[in-house]
Amino acid sequence: MNEALYPIAVFFAAIFTNNILLTNYLGMCSFLSVSREIKTSVGLGIAVTFVMATTTILNWMVYNYILMPFGLEYLRFIVFIIVIAAFVQIVEMIIERVSETLYAALGIFLPLITVNCAILGVSLFMVIREYSLITSFFFGLGSGLGWFLAILAMAGIRQKLARAKVPPGLEGAGITLIIAGMMALAFMGFSGMINIA
Amino acid sequence: MLVTLFISVGIISAVAVFLALLMVIADATIGNYGEVTVNVNGGARELVVPGGQPLLKALTGEGIFIPSACGGRGSCGLCKVKVVEGGGQILPTELPWLSEEEKKSNIRLSCQFKVKNDLSIQIPDELFLVKQFTTVVESIRDLTHDIKEVRLKLIDPPEITPVAGQFVQFQVPAYELTDEPVYRAYSMASIPSDKNHIELEIRLVPNGICTTYVHKYLKEGDEVLVNGPYGDFYLQNTDRDIICIAGGSGMAPIKSILLDMQEKGLKRKATYFFGARSARDLFLLDEMRQLEKENEHFTFMPALSEPDEGDNWKGEVGLITDVVARHVKDGASKEAYLCGSPGMIDACIKVLTECGVPEDRIYYDKFA
């Protein structure tokens with residue numbers, strides 16, 4: 001594949017063929033709990049996309065400029081987590097200060113994202129797959145958008161589902177997980193479209 | 001080997017310290033809203049509090065306790081406060097707890113709403129008197145097979161000034177049935193003039209978080225946190241005859257009201273109907289009989305709905321509603337005080353109105 005196009009390929013792969021939520025099943029907790037309404041899921045989706053794209057870059061720099069030179073790659077789990085937590089916390093404070101509307105729409109979801117495993121997962125995949133800085137950025141952005149797409153689709157389905165009769169034993173998380181499984185099957189249709197490592 | 005260890009510890013500490021420093025700086029600059037003024041009830045109190053914290057916490061810090069059951073996590077929806085000025089937008093975390101009407105009248109969830117600018121808020125006046133008390137369990141005794149009387153001695157602050165009939169919130173610490181402290185409301189059975197003690201009557205509810213704690217774990221000498229007093233269930237300042245009706249641990253506020261009347265020497269005619277299933281559910285009979293003896297205006301009328309053969313019961317028999325209907329005459333000139341389960345209260349209100357008691361003179365405290 002053309003070297004220059006590789007980041008773009010990774011970007012689309014992260015959205016469709018290697019969707020972080022539907023193929024790796026990461027970031028499930030907020031996916032299950034905040035997918036009741038389209039409006040809130042859009043807020044969370046945008047927040048996740050933003051945080052994923054930015055923390056991936058930050059973690060790439062921390063990994064390549066601090067951990068690698070000292071041979072401390074094994075510390076990446078802890079370091080990535082604290083970088084993400086601190087970054088999200090500061091972004092939340094800034095949003096809260098700057099815009100009330102933005103805070104009500106996005107900021108409120110940020111604490112939820114700190115513990116979203118998809119964010120950490122993206123940073124770890126970036127290390128395992130040895131992406132460059134540019135590729136990592138597109139990978140983070142793509143994964144975020146992929147997650148956004150998945151939760152948006154789920155929220156759309158669940159809004160309709162609210163009016164459907166669900167067997168009592170399957171209400172709530174049960175039916176949501178089954179739907180997530182079906183969506184994952186559907187996304188398998190994309191596989192083979194783009195091949196990345 | 002040792003060198004790598006030091007390097008790894010050093011690097012991770014450096015990263016952590018750097019980030020922590022960043023947080024501290026951010027907290028002092030971006031997160032610093034300075035001091036803001038909270039005007040409570042149109043100037044009744046003016047609080048100057050550090051900005052940036054939730055309103056509930058700011059008020060608690062100033063000694064104003066808003067009833068809340070979840071401890072400020074936004075999961076109980078109880079800590080509602082009217083923000084008259086300076087409220088701004090309602091947050092998504094508040095929406096599930098607010099009705100359309102509440103949204104329109106600026107009701108906010110005080111644990112989610114953050115104080116960032118000067119505010120005016122409106123809270124019920126009685127909340128000014130609410131305090132948190134550190135207490136020690138002085139005694140616990142069995143009133144019946146499933147009701148315990150818990151007597152608490154106030155330590156800090158050492159005195160409470162409730163009105164007879166009000167309730168306090170009892171803090172259950174984290175234990176087997178709960179991961180976090182929770183609050184449950186109980187009426188005070190003690191006489192208000194005993195300012196150093198609070199008596200609660202707590203009936204065991206299967207799997208109840210607080211009742212199980214009190215019945216299985218609480219011992220004499222244990223420390224208990226309570227806050228209060230709350231509630232608008234108390235004796236009205238009139239000279240009408242009164243009817244009291246209670247069931248089970250609904251005894252508590254009625255007992256407090258009756259003792260208070262006795263102590264103040266009120267000459268109002270009072271009839272107290274107490275409903276129980278069988279003799280083993282009756283309690284404080286001696287105290288009530290004693291009160292009857294000392295006070296010619298007071299009549300105690302316990303009634304059993306299903307007396308056991310061995311009870312040898314000579315008093316009233318039947319559902320409390322039937323007993324009330326048999327005895328209440330000329331209801332139009334009386335007022336009524338009820339405490340018990342919602343079912344019992346609704347049924348009693350129906351019977352009392354049929355006996356002529358005006359509905360706005362029936363006061364009640366429903367167990368929720």
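Sequence lines set the chain letters: A, B, ... in the order given, protein chains first and strands last, and positions in each chain run from 1. Fair warning: this is a prediction, and the values are worked out from it, not measured in the lab.
In this structure, the side chains of A/F87 and B/L19 stay at 4.5 Å or more apart for every pair of heavy atoms. For the pair A/F70 and B/S8, the minimum side-chain heavy-atom distance is 4.5 Å or more. Put simply, the side chain of A/Y103 does not reach to within 4.5 Å of the side chain of B/Q89, judged on heavy atoms.
When heavy atoms are compared at a cutoff of 4.5 Å, A/V98 does not approach chain B at all. Interface remark: A/I94 contributes backbone and side-chain atoms alike to the contact with chain B (heavy atom separation under 4.5 Å). Of the two parts of B/F18, neither the backbone nor the side chain holds a non-hydrogen atom closer than 4.5 Å to a non-hydrogen atom of chain A.
The minimum heavy-atom distance between A/I90 and B/A26, with the atom names listed, is CG1-CB, 4.2 Å.
Note that CD of A/Q89 and CG of B/L22 are 11.5 Å apart. Values are rounded to the nearest 0.5 Å. The CZ atom of A/R97 sits 9.0 Å away from the CD1 atom of B/I30 when rounded to the nearest 0.5 Å. Note that CD1 of A/I66 is 11.5 Å distant from CD1 of B/I12, once rounded to the nearest 0.5 Å.
By the 4.0 Å N-to-carboxylate-O rule, A/E96 lies close enough to B/K116 to be salt-bridged with it.
For B/T211, there are no side-chain hydrogen bond (donor to acceptor under 3.5 Å, both in side chains) partners two or more places apart in sequence or in a different chain.
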